[in-house]
Amino acid sequence: MKPTYDPAAVEADWYDIWEKSGVFAPEHNPDGEPFCIVLPPPNVTGVLHMGHALNHLIHDVIVRRKRMQGFKVLWLPGMDHAGIATQTVVEREIGREGLTRHDLGREAFVEQVWTWKRKFGGSITTQMRQLGDSVDWSRERFTMDEGLSAAVREVFVRLYEKDLIYRGNRIINWCPQDHTALSDIEVEYEDTAGELVYINYPFTDGSGHLTVATTRAETMLGDTGVAVHPDDERYSEAVGKTVMLPLVNREIPVVADDVVDPEFGTGAVKVTPAHDPNDFEIGNRHGLEAINIFTIEAAVNENGGEFAGLDRLEARRAVKEALSAAGHIDHIEERAHSVGHCYRCKTVVEPYLSLQWFVKVGPLVTPAMEAVRDGRTRFVPQRWENSYFHWMENLRDWCVSRQIWWGHRIPAWYCADCDEVTVAREDPTVCPSCEGSNLRQDEDVLDTWFSSALWPFSTLGWPEETADLADFYPNAVLVTGFDIIYFWVARMLKMGLEFMGEVPFRDVVIHGLVRTPDGRKMSKSLGNAIDPLDVIESHGADPLRLAIVQAAAPGQDVPFDMEWVEGARKFGNKLWNAARFVLGHVDSGSVPADGGYPESPGPESAWILSRLAAVVERFDELSDEYRFSDAYGLLYNFAWSEVFDWYLELSKAALADEASAPQTRQTLGVVLRDLLKLFHPAIPYLTEELWKEVVGDGLLAGARWPDPPPTAAPQSMAVFQELVGGIRRFRSSHQLSPRHALELRIADPESVIESWWERQLKSLVAVTAEFGDAPDSDGFTRVVAGPIQGFLPLEGVVDLDAERARLERALAGAEADFAVADKKLSNPSFRDRAPAEIVTKEEAKQAEAEATIAKLRAQLDELGDS
RNA sequence: GGGCGUUUAGCUCAGUUGGGAGAGCGCUUCCCUUACAAGGAAGAGGUCGGCGGUUCGAGCCCGUCAACGCCCACCA
C-alpha cells in the first residue's frame with residue numbers, strides 16, 4: 001500500500017465493478033424485505049450540481065446501509081423530460097440556424113428533441129456514477145418512455161372518466177415568452193416597485209364620477225364593470241348605475257360584490273374578467289363579459305382599439321398618457337406590489353383567460369391529507385407537515401395543459417362534425433358519436449409534473465401488475481428538498497392514493513439547500529456555485545461525500561465550505577494509514593467478513609470492543625431517524641479519537657507481549673473491518689479499497705452490516721486515560737520531551753490499577769511505574785487521577801513556578817467541579833426531589849473533587865512559595 | 001396579513017426523553033516517536049440573542065421582545 005491516500009487512484013475502478021457485480025440490483029438480496037426509493041428524476045437537460053449531490057448522498061447513505069442490512073433494495077434512477085426547459089434548449093439550438101419549431105413542424109421538432117436527448121441527455125447519469133450513486137441502472141426510466149407514457153395516458157383517461165379532469169375557460173397564468181399556460185405554483189412572486197393609478201370613471205347619468213385604482217392601467221381596456229362592497233355606504237347610490245369606460249367608450253355597470261375590500265384604494269375596483277382571477281369570478285357572478293385584450297405575446301390585440309399592437313408595458317404608458325390627457329387620472333401613488341414571474345424564464349406572467357385542461361383536485365386532496373394526518377406517510381422533520389396541510393387546504397384546480405410540443409400529448413380528440421370530445425386509451429379513427437372521421441387531436445401536452453406525480457408507481461410498471469410493483473409499492477422513503485413539496489410530493493400522494501389505493505411512500509425526508517460559506521444561495525447565475533464535479537476532480541468523491549453528509553443536519557440548509565472537504569480528505573488519509581498499521585500486524589485478507597471477535601480479549605481490546613458496541617448501536621439509532629450528520633459525526637470521532645488515538649497506540653504494547661498479541665491482532669482486524677462497514681455508505685470507494693486489503697473476500701458493498709460485538713469493558717480505562725493525560729500535562733508544563741523517561745510511583749488505595757497499566761505507561765508516556773505507597777519524603781510531585789496518586793520525582797524539574805502553575809490549574813478545575821456539586825447538594829430541595837441516582841452521582845463527584853483538592857493542596861504546600 | 005426557521009467558542013455549525021457546554025477549521029506551545037507532519041501531545045477561547053416564567057435543576061419546556069432568513073395569501 002502506498003503511504004498516502006490518493007482518492008483519484010482509489011476511485012478509478014470500483015464503480016464499474018459494483019455495477020457489473022449486480023450488488024446495486026434488488027436481486028442481490030432476493031429474499032430480503034423490499035425497500036425502495038425512487039430518485040427524484042433530474043431534468044434531462046440538467047447537470048449535476050450541489051443540490052443533487054446533497055440529495056443523492058442522503059439517498060445513497062440510506063440505501064447502501066439498507067442493502068448491507070439484508071433488505072431487497074431498489075434505488076430506481078431516471079430522468080424527467082422537463083417539457084418547457086428541454087423544448088427551450090432545443091429551440092435555442094435550432095435558432096442558431098435561424099429556425100423556429102414552427103419551421104420544422106411538430107413531428108420533426110419532437111424528433112429533434114429526441115435526437116438532442118440521445119446526444120446530450122445522459123450527462124447527469126455519468127456524473128451520478130462519479131458521485132458513486134448505487135442505483136440500479138437496469139431499471140432506469142424516463143418520463144417520456146413507452147411505459148411511462150402509457151401510465152400517463154391511463155391516468156388521464158381514468159381521471160376524465162371520473163370527471164376529475166375537465167376542459168374549461170379559466171384565468172390561468174400565461175407566460176408570454178414561452179407561449180404557454182402555467183400552473184399556479186409555476187409562478188414566482190417578487191415584490192416590485194410600481195404605482196397605483198387612480199382613474200376616474202364618469203357615471204353615464206352625469207352624476208359625477210367614481211374612482212378606481214389599478215397597478216396595471218392597460219387592463220382598463222378590457223374592463224366590463226366596476227365592483228364595490230355591498231355594505232360600503234359611500235357607493236350605495238352607485239350600485240346599479242353605469243359608468244362610461246374612458247378611451248374605450250364602453251358603458252359598464254357598477255355591481256356589488258363581497259370580495260371587494262372597502263379599505264383598499266377607493267373601495268371601488270375595476271373589473272377585467274379576462275385578465276384577473278378575482279375579476280373573472282366577479283364577472284361570472286354578475287354576468288359581465290370577458291374581453292381578452294392581449295395576444296399570446298402579451299401585446300394589445302384588436303380589442304384594444306388605438307392601442308392595438310403595443311406591448312403591455314408600452315400600452316401601460318400610452319394608456320396612462322391618454323387618460324391623463326383626457327383628464328381621467330385622479331392621482332398616482334408609488335406602491336410596491338408582488339409581480340408573478342415564470343419559474344422557467346422569469347418573464348412577468350399575465351393572468352389570461354383561456355381554454356385549458358384542469359385536474360379537479362378537491363376529491364384527491366382529502367385522502368392525501370388523511371394519509372399524512374394519520375401517519376401513513378410521515379414527514380421528516382415533521383414540521384413540514386404544517387406547510388403541506390396549509391397548501392392542500394387552499395388548493396385550486398391544477399391547470400395541466402401546456403401549449404408546447406415536448407411532452408405527453410393530451411389524449412383528447414375533437415370532432416369537426418359534431419363537436420364531440422373523445423378521450424381514449426387508443427387513438428380513435430372515427431368519432432364515436434357521429435362516426436365521422438374528421439377528428440383532430442388536442443394540440444397541447446401535459447404539465448411535466450403530471451408524469452412526475454406518477455413516478456412512484458409508473459416506474460415500477462403500472463398499469464401492468466408487475467412483480468416490481470408488488471414488491472416496491474409503497475416505496476419506503478422519499479428524499480427531496482422542501483422546494484418541491486408542492487410541485488411533487490403532494491401530487492404523488494394524491495395520485496398514489498387515487499390509483500394504487502395506498503400511500504406512495506412511508507417517510508418523506510426533507511433536506512435543505514446547499515449554501516455558500518457566507519450563507520447565500522448557491523447559484524450559477526450569481527457565479528458563487530461550487531461544481532461538485534470540480535470537487536471530485538480535485539479532492540475525490542469520498543471526501544466530497546463525507547463532507548456533505550457530515551454537514552447536512554436534518555432539514556437544515558447546508559453551508560458548504562471547501563474546508564469540510566479538506567477535513568474529510570484528511571480523515572481519509574488517517575483511515576488509510578490506520579489500515580496500513582493494522583496490515584503491518586494482520587495478514588492481508590485474513591480478517592473474516594463477519595464476526596471473528598476474540599473470545600477472551602485483553603483489557604485494551606475489551607475496552608475498544610465495548611466502545612465499538614455502543615457506537616454501532618447508537619449509529620443505527622441515529623441512522624434510522626435519518627440523522628446522518630449525527631451518525632457520521634459520532635463515528636468520525638469514535639474512529640479518530642478512540643480507535644486511532646487510543647486503541648492503536650495501546651495495541652502497540654499489547655502486540656509486543658506474546659501472550660496478548662494474538663487477540664490484539666484479531667481485535668485490530670475486526671475493529672477496522674467494522675469501521676469500514678460503518679463508513680461504507682458515506683465513503684464507499686475508500687472503504688471498498690481497504691476492504692480488499694483487509695478482508696479480500698467479496699465486495700464490501702454487498703457485505704453484512706455489523707451487529708454490536710458482545711463484550712464487557714474494564715472499569716479502570718477512564719482512570720487510566722486520566723492518569724496518562726496527567727502525565728502528559730506534566731511533561732508539557734515542563735517542556736520535557738515525550739521520550740524523556742520518568743519514574744513514577746503510584747499509590748492506589750482503592751486498588752483500581754490493573755497489571756496491564758505498567759506496559760502501557762511505558763509505551764504511551766515513557767514512564768516506568770512502580771506501585772506502592774506514597775513516598776514518605778518530599779522531593780516528589782503529584783499527578784492525580786481519580787482515586788490514585790502518581791508521584792514523580794521533582795529532581796530535574798528545575799522550573800518550580802511552572803510546576804506550581806500546573807498544580808494550580810488542576811486545583812482550579814477540581815475546585816470548580818466541587819463548587820458545582822456542592823451547590824446542588826447543599827440545596828435541600830435537590831436532595832428531596834431529584835432522582836436518587838442523580839443525587840448519588842453528585843455526591844460521588846463532590847467526594848472525588850474534594851479528595852483531589854486535598855492532594856493538590858498538600859502538594860502545593862510541600863512546594864512552598866516561590 | 002398568516003405560517004415556519006435561525007440566533008451556542010474568532011468562523012461554520014452539532015447538541016431530540018431538562019441533570020457533567022461539543023465538533024471541524026482557525027489560534028498558542030512542544031514534538032519529523034518505527035500507521036499517518038494531510039500527523040501526535042498539551043492548551044487558550046462561550047453570561048448557549050434579551051427579558052420573564054415553570055422546575056430541586058433550563059442551551060433544551062412556556063411566555064414575550066429583538067435581529068436575520070424562508071414560505072404562503074384574491075397587495076384591484
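Computed from a predicted structure; not experimentally measured. The chains referred to below are lettered A, B, ... by the order of the sequence lines, with proteins before strands, and numbering in each begins at 1.
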Would you say a side-chain N or O of [X] is under 4.0 Å from OP1 or OP2 of [N]?
X: A:Lys570; N: B:rA37; answer: no
X: A:Lys652; N: B:rA35; answer: yes
X: A:Lys521; N: B:rC70; answer: no
X: A:Trp640; N: B:rG40; answer: yes

Rounded to whole Å, please give me the gap between [atom1] in [X] and [atom2] in [N].
X: A:Tyr486; N: B:rA73; atom1: OH; atom2: C1'; value: 11 Å
X: A:Leu210; N: B:rA76; atom1: CG; atom2: P; value: 18 Å
X: A:Trp384; N: B:rC71; atom1: CH2; atom2: P; value: 10 Å
X: A:Ile838; N: B:rG20; atom1: CD1; atom2: P; value: 7 Å
X: A:Glu350; N: B:rA76; atom1: CD; atom2: P; value: 13 Å
X: A:Leu513; N: B:rU6; atom1: CG; atom2: P; value: 16 Å
X: A:Asp630; N: B:rG22; atom1: CG; atom2: C1'; value: 12 Å
X: A:Arg831; N: B:rG19; atom1: CZ; atom2: P; value: 20 Å

*Return yes if some donor-acceptor pair links the side-chain N/O of A:Asn827 with the main-chain N/O of A:Lys823 below 3.5 Å, else return no.*
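Judged by distance alone, no pair lies under 3.5 Å.
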*Which heavy atom in A:Leu288 sits nearest to a heavy atom in A:Gly225, and how many Å separate them?*
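Nearest heavy atoms, A:Leu288 then A:Gly225: CD1-CA, 4.1 Å.
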Between [options], spot the one nearest the side chain of [X], thanks.
X: A:Leu196; options: B:rU33, B:rC36, B:rA76; value: B:rA76
X: A:Trp564; options: B:rC31, B:rA76, B:rU12; value: B:rU12
X: A:Arg335; options: B:rG15, B:rC4, B:rC75; value: B:rC75
X: A:Lys845; options: B:rG20, B:rU12, B:rA76; value: B:rG20

*Does A:Ser338 get its side chain close enough to the base of B:rC75, under 3.5 Å, for a donor-acceptor pair?*
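Such a pair is found, so the answer is yes.
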*asked:* Let's test your reading of the model: under 3.5 Å, does the base of B:rA14 pair with the side chain of A:Gln556 as donor and acceptor?
replied: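 For A:Gln556, whose side chain was compared with the base of B:rA14, there is no donor-acceptor pair (under 3.5 Å).
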*Between A:Phe264 and A:Glu625, who's closer to the 5' end of RNA chain B by nearest nucleotide?*
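Checking each residue's closest nucleotide, the 5'-ward one belongs to A:Glu625.
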*First encountered from the 5' end of RNA chain B, between A:Asn827 and A:Thr516*: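 The residue whose closest nucleotide sits nearer the 5' end is A:Thr516.
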*Is A:Arg569 touching bases, backbone alone, or none of the nucleic acid, heavy atoms closer than 4.0 Å?*
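Contact class for A:Arg569: base.
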Strictly by Watson-Crick or wobble contacts shorter than 3.5 Å, is anything paired with [N], and which nucleotide is it?
N: B:rC27; result: B:rG43
N: B:rA66; result: B:rU7
N: B:rG22; result: B:rC13
N: B:rC32; result: none
N: B:rG59; result: none

*Quick check: are there more than 12 heavy atoms from other residues, nucleotides or ligands sitting under 6.0 Å from CZ of A:Arg234?*
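Result for CZ/A:Arg234: enclosed.
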_Other residues, nucleotides, ligands: >12 heavy atoms within 6.0 Å of A:Glu837 CD_ =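 No.
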*Compute whether any side-chain donor of one residue and acceptor of the other, for A:Ser183 and A:Glu186, lie under 3.5 angstrom apart.*
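Side-chain D/A pair, A:Ser183 to A:Glu186: present.
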*asked:* With rounding to the closest Å, how many angstrom separate the C1' atoms on B:rA9 and B:rG45?
replied: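 Rounded to whole Å, the distance is 6 Å.
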*Using the P atom on both, measure B:rC11 against B:rG57 and round to a whole Å.*
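Between the two P atoms, the distance is 33 Å.
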_Interatomic distance, A:Glu842 atom CD to A:Asp817 atom CG [nearest 0.5 angstrom]_ =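 Result: 10.0 Å between the selected atoms.
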*Only one of A:Val226, A:Asp223, A:Thr224, A:Ile199 passes side-chain contact (heavy atoms from CB on, under 4.5 Å) with A:Leu245; say which it is.*
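Single pass found, and it is A:Asp223.
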